[in-house]
Amino acid sequence: MLLERGKSQVLMVDVQERLLPAMADPTLVLKNGGRLLEAARILAVPVVVSEQYPAGLGRTVPELANLAPANAMHEKVEFSCFANPALHAALSPARQTVIFGIEAHVCVLQTAIEMAAAAHDVTIVVDAIGSRVADSKEIALRRMLDAGIRLATTEMVLFEWLRRAGTPEFKTISRLIR
């Protein structure tokens with residue numbers, strides 16, 4: 001099944017000031033997360049953002065916070081976004097949820113598995129998630145596949161949302177990829 005922008009929502013998980021630098025490849029999460037958020041803004045795809053215990057881990061990194069709607073932020077102490085009442089309510093079961101963020105083997109994994117178990121349509125953006133240790137990310141991806149969760153890359157998501165070339169949106173979003 002292809003992603004449809006009119007049916008999608010983006011969930012950015014815990015890309016925070018004190019967490020991001022500890023990731024094995026923080027630049028990839030930052031770069032591709034920014035592309036996803038910018039495309040979501042251009043294409044009117046709703047965005048939901050989680051922040052894990054911001055008093056201790058800091059806020060969402062400014063580069064991404066500036067691309068997200070101000071009312072999209074939700075603080076949590078639960079590892080799974082889906083276990084947090086406010087985030088649970090913000091995530092529409094009628095939408096395809098495109099997830100990126102950190103850490104792949106903790107908050108991203110638990111969120112995706114709980115959402116899939118509740119019959120939500122979940123896609124993980126593999127080049128926009130990270131863990132401190134590469135093996136942890138790989139095992140998390142295997143577990144998510146076993147749970148029936150789809151994997152995609154940033155470019156896959158963007159081109160599925162676009163569906164065709166030659167539009168003003170295509171020209172704008174194709175610049176994000178170059």
Side-chain angles (χ1 to χ4, degrees), residues 1 3-4 7-26 28-30 32-34 36-37 40 45-62 64-65 67-152 154 157:
M1 176 187 315
L3 294 166
E4 298 179 44
K7 294 181 180 178
S8 291
Q9 62 189 348
V10 173
L11 173 59
M12 176 172 60
V13 179
D14 307 344
V15 186
Q16 293 166 248
E17 296 162 327
R18 292 190 194 109
L19 283 176
L20 186 62
M23 296 304 106
D25 194 351
L28 198 62
V29 174
L30 194 59
N32 288 325
L36 289 163
L37 291 174
V45 174
V47 173
V48 178
V49 179
S50 73
E51 293 183 322
Q52 178 73 29
Y53 183 60
L57 298 174
R59 292 302 210 180
T60 300
V61 295
L64 298 183
L67 296 174
N71 64 347
M73 304 290 183
H74 298 273
E75 294 182 14
K76 67 179 179 68
V77 293
E78 302 83 359
F79 296 125
S80 169
C81 295
F82 206 60
N84 176 277
L87 282 159
H88 188 111
L91 294 165
S92 171
R95 292 196 174 268
Q96 300 168 318
T97 304
V98 175
I99 300 176
F100 78 94
I102 54 180
E103 280 195 75
H105 65 290
V106 183
C107 297
V108 172
L109 172 79
Q110 290 184 31
T111 299
I113 288 178
E114 285 193 350
M115 290 184 76
H120 283 245
D121 183 343
V122 178
T123 299
I124 298 295
V125 187
V126 297
D127 59 355
I129 63 171
S131 289
R132 285 168 285 135
V133 177
D135 286 348
S136 295
K137 177 180 172 179
E138 287 306 312
I139 297 301
L141 289 171
R142 287 187 208 164
R143 287 191 62 199
M144 288 186 267
L145 277 173
D146 288 346
I149 296 161
R150 282 192 308 278
L151 306 180
T154 300
V157 173

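Positions are given from 1 along the sequence.
The distance from the CG atom of Leu19 to the CD atom of Glu51 is 10.5 Å, given to the nearest 0.5 Å. Residue Met1 holds its CE atom at 9.0 Å from CG of Leu3, rounded to the nearest 0.5 Å. In this structure, Ile113 CD1 and Arg143 CZ are separated by 4.5 Å, a value rounded to the nearest 0.5 Å. For the atom pair Leu37 CG and Thr60 OG1, the distance stands at 9.5 Å (nearest 0.5 Å). Rounded to the nearest 0.5 Å, atoms CG (Asp25) and CG (Asp127) are 10.0 Å apart. To the nearest 0.5 Å, the span separating CD on Gln110 from CE on Met144 amounts to 11.0 Å.
Around atom CZ of Arg132, no more than 12 heavy atoms belonging to other residues, nucleotides or ligands sit under 6.0 Å away.
Taking 4.5 Å as the limit, every side-chain heavy atom of Asn32 sits out of range of all side-chain heavy atoms of Val125. The shortest distance between side-chain heavy atoms of Asp14 and Leu57 does not fall below 4.5 Å. Between Arg59 and Met73 there is no side-chain heavy-atom pair separated by less than 4.5 Å.
Of all heavy-atom pairs between Val49 and Ala68, the closest is CG2-CB, 3.9 Å. In plain terms, the two heavy atoms of Ile149 and Ala116 that are nearest each other are CG1-CB, 3.8 Å. Taking all atoms of both residues into account, the shortest heavy-atom contact from Leu141 to Leu151 is CD2-CD2, 3.8 Å. Nearest heavy atom pair, residue His74 against residue Ala86, reads ND1-CB, 3.9 Å. Here the closest non-hydrogen pair linking Lys76 and Leu87 is CD-CD1, 3.7 Å. Contact record, Leu36 with Ala128: CD1-CB, 4.0 Å, taken as the closest heavy-atom pair.
Residues that satisfy the side-chain hydrogen bond (donor to acceptor under 3.5 Å, both in side chains) test with Gln9, not counting sequence neighbours, are Thr97. Annotation: side-chain hydrogen bond (donor to acceptor under 3.5 Å, both in side chains) contacts of Glu4 (sequence neighbours excluded): none.
For residues 87-120, the pairs satisfying ring-ring contact (aromatic ring centres under 6.0 Å, His included) are Phe82-His88, Phe82-His120, with sequence neighbours left out.
With hydrogens and angles disregarded, a donor-acceptor distance shorter than 3.5 Å links the side chain of Gln16 to the backbone of Gln52. Under a 3.5 Å cut-off, the side chain of Ser131 and the backbone N or O of Ala104 do form a donor-acceptor pair. Under the 3.5 Å distance criterion, the side-chain polar atoms of Thr111 are matched with a main-chain donor or acceptor of Cys81. Using a distance-only test at 3.5 Å, with no hydrogens or angles considered, no donor-acceptor pair links the side chain of Asn84 to the main chain of Glu78.
The residue from Leu91, Ile124, Val48, Val10 that alone fulfils the side chain to side chain contact (heavy atoms under 4.5 Å, CB included) condition with Ile99 is Ile124. With respect to Asp121, the side-chain hydrogen bond (donor to acceptor under 3.5 Å, both in side chains) criterion is satisfied by exactly one of Arg150, Arg95, Lys7: Arg150.
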Chi angles and distances behind the side chain to side chain contact (heavy atoms under 4.5 Å, CB included) call for Gln96, Thr123: CA-CA 7 Å; Gln96 300 168 318; Thr123 299; 5.8 Å; no
